[in-house]
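Only this structure's heavy atoms are used, side chains among them; waters, hydrogens and symmetry mates stay out. Order of the sequence lines sets the chain letters (A, B, ...), proteins ahead of strands, with each chain counted from 1.
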There are 2 protein chains.
Amino acid sequence: MPMQMSGPLAALDKWQPDGCSMAMALDIIGTKSAMLLLREAFYGTTRFDGFVRRVGITEAVAAKRLKELVEAGLLEKRPYQEPGSRTRYEYVLTEMGNALLPVIVALMQWGDTYLRDGEGPLRVVSAETGEPVSVRVAPSGTDSLGPEGLAVRINRKG
Amino acid sequence: MPMQMSGPLAALDKWQPDGCSMAMALDIIGTKSAMLLLREAFYGTTRFDGFVRRVGITEAVAAKRLKELVEAGLLEKRPYQEPGSRTRYEYVLTEMGNALLPVIVALMQWGDTYLRDGEGPLRVVSAETGEPVSVRVAPSGTDSLGPEGLAVRINRKG
DNA sequence: TGGCTGAGTATGCTCAACGCAAGTCAGGTG
DNA sequence: CACCTGACTTGCGTTGAGCATACTCAGCCA
């Protein structure tokens with residue numbers, strides 16, 4: 001059962017999903033390499049050749065994607081200096097980049113559940129308690145909802 | 001601050017993220033058209049030309065992606081019959097497809113927040129109460145966590 | 001029997017994503 | 001001062017994603 005489309009949205013043949021936020025998001029992070037670079041950033045990778053090695057892409061692709069992610073505001077390029085080396089740059093998630101955490105974790109868990117029978121190589125848990133975490137769609141403080149528990153409304157400012 | 005990588009995972013230069021579930025997931029839904037088709041399925045679109053019109057892709061691309069999504073098990077092709085028409089097929093989300101809801105909603109909300117100052121065209125709310133929903137990463141029944149509140153462990157069968 | 005419609009298929013093209021290989025460039029080490 | 005290393009850049013070829021146009025095919029309708 002799909003989401004409930006409220007009011008004028010109910011007639012799917014009468015409106016177009018123009019300017020969809022998801023489509024805009026995908027223009028930035030819609031490539032596999034961009035997603036995997038972000039995964040690495042969440043894992044704590046910061047340096048160019050770390051990204052290259054761990055994502056398994058070429059330097060050319062890494063350079064291009066990292067530049068795009070910096071321009072889009074998801075990563076910040078900041079100088080650092082190791083003793084006995086010249087100043088270099090590392091790539092660190094901004095608040096905007098950090099906010100993609102639910103997307104990354106949701107994708108991982110979906111993959112674990114449906115593409116490998118619930119047994120992925122890694123597990124994401126609470127750092128404090130060690131409890132497994134899950135990604136949920138819900139109003140604050142309540143149980144999570146499926147599509148049939150959700151409705152889509154036209155957004156009016158206010 | 002990134003996630004806490006536990007034990008052997010802490011040395012990022014000593015292991016490779018092989019067989020990552022997210023990478024596998026992206027092999028299926030890693031294209032913009034696949035994602036937008038899924039969005040439409042959540043909105044309630046079921047018919048071929050509905051997908052074509054609303055996603056704004058060509059019939060050729062729609063046919064290819066829909067076939068892939070059916071083969072991957074995210075959509076189910078099921079016969080239906082309108083009075084005075086012959087039997088046709090519609091595309092409906094399977095449980096596996098439904099489980100992608102958090103990914104779609106998370107992307108929408110991220111786009112709303114960071115690409116349009118919190119004012120996207122649509123809003124996802126609880127069908128029952130009308131309250132706005134959000135996507136959260138957390139252990140059941142607790143507050144949501146950011147990257148710094150999460151840890152990554154090697155998964156051992158239990 | 002000939003058209004109409006919904007659901008595709010077929011063909012041809014462009015551009016983006018990516019890989020491989022080689023070159024550049026700045027600065028620190030021997 | 002030559003060399004090395006990390007961080008890229010450049011060039012070239014392949015594959016996949018996407019558009020546009022045209023065509024097919026089944027069955028209902030006149």
Let me check something: any side-chain donor-acceptor pairs from residues 62-75 of chain B under 3.5 Å, sequence neighbours excluded? List them with distances.
residue: B/Arg65; atom: NE; partner: B/Thr31; partner atom: OG1; Å: 3.4
residue: B/Arg65; atom: NE; partner: B/Ser33; partner atom: OG; Å: 2.9
residue: B/Arg65; atom: NH1; partner: B/Glu68; partner atom: OE1; Å: 2.8
residue: B/Arg65; atom: NH1; partner: B/Glu68; partner atom: OE2; Å: 3.0

Atom pairs and distances, side-chain donor-acceptor, residues 5-19 of chain B, under 3.5 Å, sequence neighbours left out:
residue: B/Ser6; atom: OG; partner: B/Val152; partner atom: O; Å: 3.0
residue: B/Ser6; atom: OG; partner: B/Arg153; partner atom: NE; Å: 3.4
residue: B/Trp15; atom: NE1; partner: B/Leu9; partner atom: O; Å: 2.9
residue: B/Gln16; atom: NE2; partner: A/Arg53; partner atom: O; Å: 3.2

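Legend: residues meeting side-chain hydrogen bond (donor to acceptor under 3.5 Å, both in side chains) with B/Asn98, ordered by chain and number and at least two apart, are absent. In terms of the side-chain contact (heavy atoms from CB on, under 4.5 Å) criterion, A/Thr113 has no residue partners (sequence neighbours excluded). Judged as a side-chain contact (heavy atoms from CB on, under 4.5 Å), and not counting sequence neighbours, the contacts of B/Arg88 are B/Tyr80, B/Arg86. Residues that satisfy the side-chain contact (heavy atoms from CB on, under 4.5 Å) test with A/Glu128, not counting sequence neighbours, are A/Ser126. Every residue meeting the side-chain hydrogen bond (donor to acceptor under 3.5 Å, both in side chains) condition with B/Tyr114, not counting sequence neighbours, appears here in chain and number order: A/Glu95.
The shortest distance between side-chain heavy atoms of A/Val103 and B/Val135 does not fall below 4.5 Å. A/Met22 has its side chain out of reach of B/Trp110: every pair of non-hydrogen atoms, C-beta onward, lies at least 4.5 Å apart.
Rounded to an integer number of Å, the gap from NZ of A/Lys64 to P of D/dG11 is 15 Å. Taking atom CG on B/Leu37 and atom C1' on D/dA17, their separation rounds to 13 Å, with Å as the unit. One interatomic measurement links the two molecules: OH of A/Tyr89 to P of D/dT9, which rounds to 13 Å at whole-angstrom precision. Look at CG on B/Leu36: it is 10 Å from P on D/dC19, rounded to the nearest Å.
Rounding to the nearest 0.5 Å gives a distance of 14.5 Å between OG1 of A/Thr87 and CZ of A/Arg78. Atom CZ of residue A/Arg39 and atom CD1 of residue A/Ile104 lie 10.0 Å apart, to the nearest 0.5 angstrom.
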Which protein N or O atoms sit under 3.5 Å from an N or O of nucleotides 1-6 of chain D?
residue: D/dG6; atom: O4'; partner: A/Arg88; partner atom: NH2; Å: 3.4

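Residue A/Phe51 is out of contact with every strand shown, counting any heavy-atom pair closer than 4.0 Å.
In the region residues 15-33 of chain B, proximity to DNA chain C at under 4.0 angstrom, judged on heavy atoms, holds for none of the residues. Taking a 4.0 Å limit (strictly below) on heavy-atom distances, residues 54-62 of chain A reaches DNA chain D at A/Glu59, A/Ala60.
Pairs of residues two or more places apart, or lying in two chains, never qualify as side chain to side chain donor-acceptor pair (under 3.5 Å) while including a residue from residues 138-152 of chain B.
For DNA chain C, the span of nucleotides reached by chain A at under 4.0 Å from its heavy atoms goes, 5' to 3', from C/dA17 to C/dT29.
Within the cation-pi definition used here (under 6.0 Å to the ring centroid, within 45° of the axis), A/Lys77 does not qualify as a partner of A/Tyr91.
Heavy-atom nearest nucleotides on DNA chain C were determined for A/Thr87 and for B/Phe48, and the one closer to the 5' end corresponds to B/Phe48.
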